[in-house]
Amino acid sequence: MRILAVGGGGREHAAVEALHRSGAEIYAVMKNANPGIIARSAKYRLCSETDVDKVVEFAKECGAELAFIGPEAPLGVGLVDALQAAGIKCASPTQAAARIETSKSFMRGLVEKHKIPGNLGYASFDNAEDCEAYLKTLKTQIVVKPVGLTGGKGVKVQGEHLNSFEETMDYVHEIFDANIGGAGVIIEEKAVGEEFTQMVFCDGKNVVPLPLVQDHKRAYEGDVGPNTGGMGSYSDANHLLPFITSEEREQAIDIIRKVISAMAEEGCPYVGTLYGQFMLTKDGPKIIEFNARFGDPEAMNVLSILKTPFADVCSMMANGCLKDVEFEHQATVCKYVVPKGYGVKSETGKDISVDEDAIRKAGAVVYYANVDEKDGRLVTMSSRSVGVVGIADSIEEAERRCEDALTHVKSNWIFVRHDIGKRELVEKRVAHMKQIRGQ
Ligand code: AMP
Ligand code: GLY
């Protein structure tokens, strides 16, 4: 099958690798020359992923039968709607369905209207004065978010990034003054607990859950520093996480099922991978956000252990006939190699080298992300450079394999959160959850 794959990051390389394994012929569109994607593509085009006309023209030229869109930005500008109008089926959501991610107030409003459990208190604002008046009435801690898309980097949490009323208001003013996200500010109740990612495949009505994953959003070891797109993630062989029970996971899946029904009722049925970010609190899972796509890095964890051919999964989603999807019972640990300064101001255009054979021999997989090829050299760009995934029977062994493999990625201009997936950090999460539960 001829499949159009849009996006040039680690998530998209993982998807392209999985599509290639399932025998698909790949036609890729990306803005950077991702060497992993290029190696698997019959043909590719370097252009803006949000240039709908160019992407559709390329898809038609290549005779694409099915499309997979990795990042949120093209979904937000209606790429799926345009591809469908050109007769190409899509395993990704329409612009209306992607609002579950592109508008945080749409998401909170939908969950509220349909009385879906797991919502948090929230209020949205289109000016700083009303927001300030509201904040003055609150007694508990909150989180400040731009309503629109910010690449996962726009969220600031009181008690972590914002330590006074003044700092909170400074950030609110910054969002309005710089028009960050382009759609105002949302204030949310701060949820306290452990975060986890539950993704599902969906064909508009049928839902198939993926293994649980835990991402690490903070830039530096010990969970400090600015929020990033995600520095790395792990998953366990039993598809749960060490701090969550299967009942709690079921509650999260139930929330997602209700969201999917609500979207169908609202006339925007959801087709594609849906990403649910939850905080496991003392009162169960609470919704942090939904994304209209795979998580990045989480895609690298789950797609590395996907047993069912991914091309078949995409085809079932696009054709409304989704059924069983199987994953290996293996643990995975993914660590992103990122440019120095990532999270604040990245060192771009710096040389980085990857020894793919040595990484494979270490029992790991490498996915290229936001890198480019310049005069035959691989160089860093502003976002995450290379994802390395260790795969084994246990998290501990997967972590060791990931670390072995990381020694084969070389540059003087990179850093890695080595603590991800290490026993100490995983045990800290388990202890934290015990404390939250009051055990
Ligand atoms: P988001 O981009 O919405 O995933 O937010 C980035 C990060 O900010 C999340 O992964 C959480 O760590 C944190 N965060 C977002 N919303 C909340 C919330 N309502 N309560 C506590 N933490 C939050
Ligand atoms: N890993 C978080 C995200 O993809 O938004």
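Since this is a predicted model, take the numbers as computed values, not measurements. Counting convention: from 1, in listed order, for ligands and their atoms alike. Excluded from the calculations below are hydrogen atoms, water molecules and symmetry mates; all remaining heavy atoms, backbone and side chain alike, are included.
Between Asp215 and ligand 2, a contact under 3.5 Å exists for at least one N or O pair. Looking at ligand 2, you won't find any N or O of Gly230 less than 3.5 Å from one of its N or O atoms.
Residue Tyr275 has at least one heavy-atom neighbour below 4.0 Å for each of these atoms of ligand 2: 1 (N), 2 (C), 3 (C). Heavy-atom proximity to Glu188, at under 4.0 Å, picks out these atoms of ligand 1: 16 (N), 19 (N). Taking every non-hydrogen atom of Gly229 and a distance limit under 4.0 Å, the qualifying atoms of ligand 2 come out as 1 (N), 2 (C). Short contacts between ligand 2 and Arg293, defined as distances under 4.0 Å to a heavy atom of the residue, involve ligand atoms 3 (C), 4 (O), 5 (O). The ligand atoms of ligand 2 that sit less than 4.0 angstrom from a heavy atom of Lys217 are 2 (C). Heavy-atom proximity to Asn291, at under 4.0 Å, picks out these atoms of ligand 2: 3 (C), 5 (O). Against a heavy-atom cut-off of under 4.0 Å, Glu298 is close to the following atoms of ligand 2: 1 (N), 2 (C). Counting atoms of ligand 2 from 1 in the listed order, those under 4.0 Å from a heavy atom of Gly295 are 4 (O). Those atoms of ligand 1 that come under 4.0 Å of a heavy atom in Met279, given as number and element, are 21 (C), 22 (N). Ligand-side atoms of ligand 1 in range of Leu120: 19 (N), range being under 4.0 angstrom from any heavy atom.
Ring pair Phe125/Tyr134: centre-to-centre distance below 6.0 Å.
We find the OG-NZ distance between Ser346 and Lys340 to be 12.5 Å, quoted to the nearest 0.5 Å.
Taking each of Lys190, Glu189, Met107 in turn, the one with a heavy atom nearest to atom 19 (N) of ligand 1 proves to be Glu189. For atom 11 (C) of ligand 1, the nearest non-hydrogen atom from the set Glu289, Glu195, Gln141 belongs to Glu195. Among Thr228, Ile287, Val157, Asn227, the residue whose heavy atom lies nearest to atom 7 (C) of ligand 1 is Asn227. Between atom 16 (N) of ligand 1 and the options Lys104, Lys145, Glu101, the minimum heavy-atom separation is to Lys145. Compare Thr197, Val144, Thr150, Val155 by their heavy atoms: the one nearest to atom 8 (O) of ligand 1 is in Val155. If you check each of Ala191, Gly154, Gly229 against atom 20 (N) of ligand 1, the one with the closest non-hydrogen atom is Ala191.
At a 4.0 Å cut-off, not a single heavy atom of Arg11 sits close enough to ligand 2 to count as contact. In this structure, Gln277 falls outside the shell of residues with a heavy atom less than 4.0 angstrom from ligand 2.
Ion pair Arg400/Glu397 flagged as a salt bridge, since at least one NZ, NE, NH1 or NH2 atom sits closer than 4.0 Å to an Asp/Glu carboxylate oxygen.
A cation-pi arrangement is present between Lys156 and Tyr171 under the rule of less than 6.0 angstrom and at most 45 degrees off the ring axis.
Among the candidates Lys217, Arg429, Arg218, the single residue satisfying the salt bridge (Lys or Arg N to Asp or Glu O under 4.0 Å) test with Asp223 is Arg429.
Contact annotation for Gln158 and ligand 1: no heavy atom of the residue comes within less than 4.0 Å of the ligand. Contacts between Val192 and ligand 1, counted as non-hydrogen atom pairs separated by less than 4.0 Å, are absent for every part of the residue.
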**Report entry** Stepwise salt bridge (Lys or Arg N to Asp or Glu O under 4.0 Å) check, Lys286 with Glu188
**Finding:** CA-CA 12 Å; Lys286 299 287 175 193; Glu188 287 180 8; over 6 Å; no
Query raised in the report: Can Lys31 and Glu49 be said to form a salt bridge (Lys or Arg N to Asp or Glu O under 4.0 Å), step by step?
Result: CA-CA 6 Å; Lys31 53 183 186 301; Glu49 295 148 13; 3.6 Å; yes
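Smallest separation of non-hydrogen atoms from Gly276 and Phe290: CA-CD2, 3.7 Å. A pairwise comparison of heavy atoms in Gly284 and Gln251 identifies CA-OE1, 4.0 Å as the closest pair.
Residues Cys47 and Val29 meet the side-chain proximity criterion, which asks for heavy atoms closer than 4.5 Å. The side-chain heavy atoms of His161 and Glu167, taken from C-beta on, include no pair separated by under 4.5 Å. Using a 4.5 Å heavy-atom cutoff, the side chains of Thr50 and Leu79 are not in contact.
Using modelled atom types, one side-chain atom of Asn32 and one backbone atom of Gly8 make a donor-acceptor pair closer than 3.5 Å.
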